[in-house]
2 protein chains.
Amino acid sequence: MTSGHPLPQDREPTLTIAEVAERTGLSHDTLRYYEKAGLIERVGRTTGNQRRYDAADLAWLEFLLRLRETGMSIADMQRFAQLRAEGDVSVADRLAMLREHRAGLADRIRALRRNARALDDKIDHYERLLSEAPGQPGSEDLT
Amino acid sequence: MTSGHPLPQDREPTLTIAEVAERTGLSHDTLRYYEKAGLIERVGRTTGNQRRYDAADLAWLEFLLRLRETGMSIADMQRFAQLRAEGDVSVADRLAMLREHRAGLADRIRALRRNARALDDKIDHYERLLSEAPGQPGSEDLT
DNA sequence: GCTTGACCTGGAGCGTGCTCCAGGTTCTAC
DNA sequence: GTAGAACCTGGAGCACGCTCCAGGTCAAGC
């Protein structure tokens with residue numbers, strides 16, 4: 001958004017860590033931590049050892065973010081990243097992981113919606129309390 | 001479920017910490033931690049200083065669990081518990097907190113559903129890979 | 001009245017996921 | 001060529017939410 005660079009369409013490693021941080025919302029430290037943890041394969045470097053990310057790195061990071069946002073742990077992401085590094089032979093395993101994660105996500109969304117309805121009831125309760133005796137004592141409440 | 005005690009309908013403090021742990025799914029340690037942290041007011045004690053919870057304690061704990069499951073931090077729950085302890089004068093503030101929490105929850109559910117759709121696309125992609133070239137190399141994949 | 005399991009307190013420790021720091025190197029603009 | 005910003009590494013530190021531990025006291029059944 002702020003960077004003058006267009007997104008690279010090719011595999012040229014042109015993005016600095018600052019640019020990737022800005023695009024992903026991850027900090028520089030987190031990007032380095034993810035690399036050290038094996039969530040992303042070793043990123044390309046300049047001759048002076050500075051990181052240069054390519055479009056594939058960015059796409060993978062965005063996928064990792066999706067996994068993270070849906071509650072996957074670093075440990076599971078490490079497992080997924082390792083499978084990915086093994087290449088095509090691991091496609092079935094990766095698919096199984098994603099399906100399991102997707103199922104857990106569906107469960108969590110359902111639970112959140114149930115809890116949201118219960119919160120709505122509580123909110124209604126408070127609204128009734130307020131409209132009946134706004135600011136006045138006497139309408140005792142347990143919760 | 002395992003306890004022979006029925007749920008107390010009144011305010012008699014009859015539930016031991018073990019019974020409350022079983023009903024809420026919280027550990028003994030967590031129940032004591034929540035009390036120390038001020039999430040629940042000091043629970044009644046026997047003459048021998050052992051905790052005995054009543055029905056209101058249980059209902060409040062279940063409400064706290066709902067807040068926790070929907071992502072509220074301990075710090076925010078402390079704030080809410082403190083408002084509750086202030087009585088009716090804080091109803092408006094509590095309502096405001098709940099509304100804000102509810103709005104954040106709606107945002108998070110929407111984000112999860114978006115991410116779930118993206119995961120479905122990824123799963124479809126893997127399924128296609130598998131059905132086209134099951135277990136065979138050659139169908140290279142970026143993710 | 002004794003045993004045995006449940007419970008008490010204060011405080012230390014832990015797993016997760018970063019975040020910060022020191023001390024040094026590299027890059028960019030002038 | 002030089003200043004200053006950006007980047008590097010290894011490792012320590014931190015916030016959160018518990019969880020465990022030691023060293024006791026209490027309660028229920030026999």
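Below, all heavy atoms of this structure are taken into account, side chains as well, without hydrogens, waters or symmetry copies. Every value quoted in this text rests on a predicted model; they were computed, and no experiment measured them. Throughout, a chain's letter reflects where its sequence line sits, starting with A, and its residues are numbered from 1.
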Considering all heavy atoms, the nearest B:Val43-B:Arg52 contact: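 Nearest pair, atom of B:Val43 first, then B:Arg52: CG1-O, 3.4 Å.
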
Closest contact, heavy atoms only, B:Tyr34 versus B:Ile74: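 Closest approach of B:Tyr34 to B:Ile74, heavy atoms only: CE1-CD1, 3.8 Å.
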
Sugar-phosphate only, base, or nothing, as touched by B:Asn49 at under 4.0 Å among non-hydrogen atoms: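 Sugar-phosphate, backbone atoms only, no base.
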
Sugar-phosphate, base or nothing in reach of A:Ala18, heavy atoms under 4.0 Å: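 Touches sugar-phosphate only.
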
Nearest whole angstrom, please: distance from the [atom2] of [N] to the [atom1] of [X].
X	N	atom1	atom2	result
B:Leu61	D:dC18	CG	P	12 Å
B:Tyr33	C:dA12	OH	C1'	15 Å
A:Leu65	C:dC18	CG	P	9 Å
B:Asp29	C:dC14	CG	C1'	13 Å
B:Arg68	D:dC16	CZ	C1'	13 Å
B:Lys36	C:dT9	NZ	P	8 Å
B:Gln78	D:dG17	CD	C1'	11 Å

If you compare every side-chain N and O of [X] against the phosphate oxygens of [N] (OP1, OP2), does one of them come in below 4.0 Å?
X	N	value
B:Arg45	C:dT9	yes
B:Thr30	D:dC18	no
B:Arg32	C:dT9	no
A:His28	D:dC7	yes
A:Thr46	C:dC27	yes
A:Thr16	D:dC7	yes
B:Ser73	D:dC16	no

Residue A:Glu100 excluded, over 12 heavy atoms near CD under 6.0 Å: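 Count not over threshold, so no.
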
Rounded distance [0.5 Å steps], CZ in A:Arg110 versus CG in A:Leu105: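 It comes to 9.5 Å.
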
Distance in Å, A:Leu112 CG paired with B:Arg108 CZ, rounded so as to fall on 0.5 Å steps: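 Atom-to-atom, A:Leu112:CG and B:Arg108:CZ are 6.0 Å apart.
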
Per [X] side chain, nearest of listed nucleotides [options]:
X	options	answer
A:Tyr34	C:dT9, D:dA6, C:dC18	C:dC18
B:Arg51	D:dC8, C:dT9, C:dC7	C:dT9
A:Gln50	C:dG17, C:dC7, C:dT26	C:dT26

